[in-house]
Amino acid sequence: GIENAQIYPGVHRFLWRCNQLGVNVEIVSHKTKYGHFDKSKTLLREYANIFLGNNFIGSSFSAINKITYTDNREDKLDYIRNNRFDLFIDDLIEVVESISTTDCQSILFSSGEVIGRLQDVKVMKSWAEIESFLFGNLTLPEVKLLAESVIEKGSVENIIQLKGSSVYKVLTFDSPMFLKIYPQESKHNRISSEFDSVKILTKLGMNGIQRPIACSKELGVAVYKWIDVDNSYTFDICTVESSLNFLRKLHGSRDNHMFDDFSMASDACTSIYDIEKQIKRRLSQLNEATAEFESLNIFLNNEFNPLFDAIILWSKSYFSIDGDYYKSIGKQEMTLSPSDFGFHNILSSKDDGLKFIDFEYFGRDDPVKLISDFSHHAAMNLTSTMEQLWFQGVKDIYGGSILSRLKISWPLHGLNWCLIILNEFKSDVWSKRCLANQEIKHNREDILLGQLTKSRNKLKCISECYKNKEFW
């Protein structure tokens with residue numbers, strides 16, 4: 001019902017920026033008095049006013065200054081035309097098309113695919129995309145205000161942007177902090193996964209993790225204790241041992257009541273079929289780029305797809321009952337997984353040992369996915385000794401009974417990584433990379449060639465060993 005209505009991710013931060021930039025926002029709705037099929041006669045406008053009042057109106061970061069209801073769509077269109085708005089955002093194609101004929105710029109908000117071309121109308125899939133289009137990247141003064149929305153106002157002395165466009169060092173009058181601004185998306189709530197998980201683990205006395213200080217989930221911003229990094233640290237076999245010790249403690253916390261209702265990890269795979277579906281989803285996304293990049297088309301059709309088909313048949317042959325291929329493991333067989341786990345998310349503190357960071361995708365998952373991803377991750381470069389220690393160590397943590405599932409899953413997760421490596425071929429991913437690093441935008445051809453070579457090398461490696469890979 002309407003009482004369970006939820007706000008789209010990114011709306012709060014969009015309205016917060018409107019407020020900071022002096023942009024006035026008005027809601028114009030032709031919402032009917034009652035729902036078309038509602039026998040209970042719920043007053044929609046009354047509930048809408050309550051919902052908006054609880055979430056936006058009067059809020060210190062909202063720019064909404066007026067709500068207008070009209071009796072029908074035509075009255076709504078006339079109202080918009082007569083009030084000469086600069087910009088109009090709606091999720092109804094018919095409304096946006098009608099407004100596009102005026103001087104008012106129109107944006108169609110649509111998280112799904114839009115069939116056909118809309119003349120003079122921009123189609124955007126998220127509020128984050130709308131925010132970026134209208135206002136660009138956050139400025140340092142805005143970042144300072146965001147920081148002061150979660151820590152004491154006036155306490156921020158300076159803001160320093162670190163590598164990437166969303167992480168900052170916050171200098172306060174007491175001590176430095178690490179500030180992170182999260183992407184806000186429907187698929188996975190990154191700030192909740194990270195901040196809530198490290199908060200629980202801190203309560204459980206877990207060492208070696210980033211320490212949470214404060215956050216605003218509405219604005220998608222959190223601050224953590226600053227880590228003074230030793231950049232001279234070299235990742236070696238001791239790092240693998242430390243990683244295993246961390247996972248052992250994490251796995252031991254899986255039954256704690258504070259994790260009872262915790263969400264699944266991002267892109268969790270609890271059955272073999274889940275991995276197949278994930279590969280096919282990535283393939284579908286990459287296929288959209290094959291018309292532009294012939295080299296990608298040749299690689300996928302001539303090299304990747306044949307091996308993918310062969311490994312699927314080989315995987316299914318392991319099951320005496322076909323349904324087992326599709327059967328998900330139970331909660332008792334899952335673990336707590338950082339998901340994006342590897343050397344790239346480990347920092348060496350100058351005074352406090354190794355720190356495991358980046359829990360944006362944290363949640364419950366099959367340990368086999370965590371094991372395989374650590375082995376395959378594009379940012380890892382494990383020696384044979386490191387990999388042997390890794391596989392023996394995870395056997396001790398999760399038990400030898402996972403071996404049959406690991407044998408089948410490992411090559412499939414490797415195929416998934418072959419496609420992840422090719423993400424830069426996707427236009428939306430490339431645009432985000434360029435926003436984070438303007439220097440790369442003129443080197444796309446060389447970068448894509450390099451990624452294609454990495455993917456091809458990984459594919460060759462999987463092809464040569466997947467049938468007789470030794471784990472322990």
Note, D366 side chain near C269 side chain (heavy atom, < 4.5 Å): no
Side-chain (D228) to main-chain (D351) donor-acceptor, under 3.5 angstrom: no
R405 and I272: CA distance, side-chain angles, deciding distance, side-chain contact (heavy atoms from CB on, under 4.5 Å) verdict: CA-CA 8 Å; R405 205 163 69 247; I272 309 300; 4.1 Å; yes
Closest approach of L108 to D91 (non-hydrogen atoms, all atoms of both residues): CD1-C, 3.8 Å
Check: E142 side chain, L138 main-chain N or O, donor-acceptor pair, under 3.5 Å: no
Residue from K277, R281, K369 passing salt bridge (Lys or Arg N to Asp or Glu O under 4.0 Å) with D267: R281
Donor-acceptor contact present, side-chain R13 to main-chain V221, <3.5 Å: no
Pairwise side-chain contact, W226 with S175, heavy-atom cut-off 4.5 Å (strictly under): no
Verdict with reasoning, R433 to I447, per side-chain contact (heavy atoms from CB on, under 4.5 Å): CA-CA 12 Å; R433 297 278 196 273; I447 290 172; over 6 Å; no
Over 12 non-hydrogen atoms of neighbours within 6.0 angstrom of CD in E445: no
Interatomic distance, D358 atom CG to F341 atom CZ [nearest 0.5 angstrom]: 11.5 Å
Flag, side chain of S284 to backbone of K280, donor-acceptor distance under 3.5 Å: no
Check ion pair D90-R73 (N to O, under 4.0 angstrom): no
Ring geometry between F246 and F359 (parallel below 30°, tilted from 30 to 60°, perpendicular above 60°): perpendicular
Any side-chain donor near an acceptor of the partner, T68 and E26, under 3.5 Å: yes
Minimum heavy-atom distance between Q184 and G10, given as atom pair plus value: OE1-CA, 3.2 Å
Step-by-step side-chain contact (heavy atoms from CB on, under 4.5 Å) determination, I312 to L412: CA-CA 8 Å; I312 290 294; L412 287 169; 3.8 Å; yes
4.5 Å side-chain heavy-atom contact, D365 and L370: no
Heavy-atom side-chain contact between W127 and L15 under 4.5 Å: no
Aromatic plane relationship, F362 with F262 - under 30° parallel, 30 to 60° tilted, over 60° perpendicular: perpendicular
E185/R190 salt bridge by N-O under 4.0 Å criterion: yes
Closest heavy-atom pair and its distance - V368, H413: O-CD2, 4.3 Å
Flag if over 12 foreign heavy atoms under 6.0 Å of CG, D309: yes
Minimal non-hydrogen separation, I421 against A378, with atom names: CG1-CB, 4.0 Å
Minimum side-chain heavy-atom gap I89-M124 below 4.5 Å: no
T290 (side chain) donor-acceptor with N287 (main chain) under 3.5 angstrom: yes
Rounded distance [0.5 Å steps], CD in E131 versus CG in N137: 9.0 Å
Criterion side-chain contact (heavy atoms from CB on, under 4.5 Å) on N189 and S263, from CA distance to verdict: CA-CA 9 Å; N189 191 328; S263 63; over 6 Å; no
Within the 6.0 Å centroid threshold, strictly below: H376 and W410: yes
Distance (rounded to the nearest 0.5 Å) between I371 CD1 and S409 OG: 9.5 Å
Parallel, tilted or perpendicular: rings of F178 and Y224 (30°, 60°): tilted
Beyond-backbone contact of V150 with L219, side-chain heavy atoms, under 4.5 angstrom: no
Ionic contact status for D196 with K199, cut-off 4.0 Å: no
Point-to-point distance, once rounded to the nearest 0.5 Å, from CZ of F14 to CG of L134: 5.5 Å
Any Q451 side-chain heavy atom under 4.5 Å of N423 side chain: no
T202 side, atom OG1; I209 side, atom CD1 - distance, nearest 0.5 Å: 4.0 Å
Any donor-acceptor N/O pair, H377 side chain to F343 backbone, under 3.5 Å: no
Single hit among I159, V223, I160 for side-chain contact (heavy atoms from CB on, under 4.5 Å) with Y168: I159
Donor-acceptor pair between N301 and N297 side chains, under 3.5 angstrom: yes
Exercise: identify the closest heavy-atom pair between M334 and P367: CA-CD, 4.2 Å
Check: S149 side chain, L146 main-chain N or O, donor-acceptor pair, under 3.5 Å: yes
Sidechain N-carboxylate O distance under 4.0 Å for R211, D352: no
From NZ (K125) to OG (S110), nearest 0.5 Å: 8.0 Å
Non-hydrogen side-chain atoms of R364 and R254 separated by less than 4.5 Å: yes
Under 3.5 Å: donor-acceptor pair, side chain of E333, backbone of G330: yes
Any donor-acceptor pair under 3.5 Å from R444 side chain to E424 backbone: yes
Parallel, tilted or perpendicular, as decided by the 30° and 60° cut-offs, for the rings of F85 and Y79: tilted
Closest approach of S339 to D373 (non-hydrogen atoms, all atoms of both residues): O-OD2, 4.3 Å
CD (E157) with more than 12 external heavy atoms under 6.0 Å: yes
Under 3.5 Å donor-acceptor, S271 side chain and S328 backbone: no
